Amino acid sequence: MMSPNQVSEDRGSSQFRHTPLQIIHIIGNFLRIWSVYSLYRYLSQTGASVALVIFSCLVPSSILFLILQKPWKGRPLANTQVVPSIINGGITALYFILWGKGLRSCGPHRAILAEYSGAVLGVLSAVLYGRRGNVWKKVGGLVAMLASFYFLSQGWAMATYSPFYILIY
């Protein structure tokens, strides 16, 4: 048995156990951003219906999840859970349609950034109401997020409005 003050020998190696998960997380984020740009390009070039594209993307994934999860083998929903589940599905469908229309009209930069507006509020509440440890890291993250929102609101998401336009082109 170890005393609370004694440091374990393998404590430093615990970060290596999380490395594959971090790699998967980074690859997943990259693929998600790539898919948003691909969807934007597809929607802007073909003029396809947003609702039809979202529906055709979600049906195969729903079938895959039905096969993997097998919800019919589990406990059935209670009568009190049916109506909230249907309402949640309707709200989620409306969210996806509005997100797709926003992606088409605003572009991928602003659509991705708008998804992280909740993160800004989370960081802000962590700075204001959270524990006082690592306050400067939290404040730095908040300043970086607010700066990116400011720059994108000024049109820097479009290459022609960017101050770095001269360096790029």
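Position 1 is the first residue of the sequence; numbering continues from there. Keep in mind that this is a model prediction, so the values were computed, not measured.
Partners of R32 under the salt bridge (Lys or Arg N to Asp or Glu O under 4.0 Å) rule, at least two apart in sequence or in another chain, are E115. Under the side-chain contact (heavy atoms from CB on, under 4.5 Å) criterion, L31 pairs with I27, W34, not counting sequence neighbours. In this structure, the side-chain contact (heavy atoms from CB on, under 4.5 Å) partners of I63, at least two apart in sequence or on a different chain, are V59, I67. Legend: residues meeting side-chain contact (heavy atoms from CB on, under 4.5 Å) with K70, ordered by chain and number and at least two apart, are W72, K73. For T92, the side-chain contact (heavy atoms from CB on, under 4.5 Å) partners are N88, F96, not counting sequence neighbours. Among residues two or more places apart in sequence or in another chain, the side-chain hydrogen bond (donor to acceptor under 3.5 Å, both in side chains) test is passed with N29 by H25.
Within the structure, salt bridge (Lys or Arg N to Asp or Glu O under 4.0 Å) contacts touching residues 78-95 (residues at least two apart or in different chains) do not occur. For the ring pair (Phe, Tyr, Trp, His ring centres under 6.0 Å) condition, no pair includes a residue of residues 38-66, sequence neighbours left out. The stretch residues 78-102 participates, sequence neighbours left out, in no salt bridge (Lys or Arg N to Asp or Glu O under 4.0 Å) pair at all. Applying the salt bridge (Lys or Arg N to Asp or Glu O under 4.0 Å) definition to pairs two or more places apart or across chains, none involves residues 19-30.
Under a 4.5 Å side-chain heavy-atom cut-off, the cluster of Ile, Leu, Val, Met, Phe, Trp and Tyr residues that includes L98 is completed by L94.
For the atom pair OG (S44) and CG (L39), the distance works out to 9.5 Å, reported to the nearest 0.5 Å. Atom CD1 of I26 is separated from atom CG of L21 by 11.5 Å, given to the nearest 0.5 angstrom.
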Under 3.5 Å, which donor-acceptor pairs link side chains of residues 74-85 to any protein atom two or more places apart or in another chain?
| from | atom 1 | to | atom 2 | distance (Å) |
| --- | --- | --- | --- | --- |
| Q81 | OE1 | A78 | N | 3.1 |
| S85 | OG | Q81 | O | 2.7 |

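Shown here for P71 and L66, the closest heavy-atom pair between the two residues is CG-CD2, 3.6 Å. Residues P108 and V36 approach most closely at CB-CG1, 4.1 Å, considering heavy atoms. L43 approaches A48 most closely through the heavy-atom pair CD2-O, 3.9 Å.
Y95 and I86 fall into different hydrophobic clusters, where Ile, Leu, Val, Met, Phe, Trp and Tyr residues are linked whenever their side-chain heavy atoms come under 4.5 Å apart, directly or through other members. Under the 4.5 Å side-chain heavy-atom criterion for grouping Ile, Leu, Val, Met, Phe, Trp and Tyr, V50 is connected to W99 within one hydrophobic cluster.
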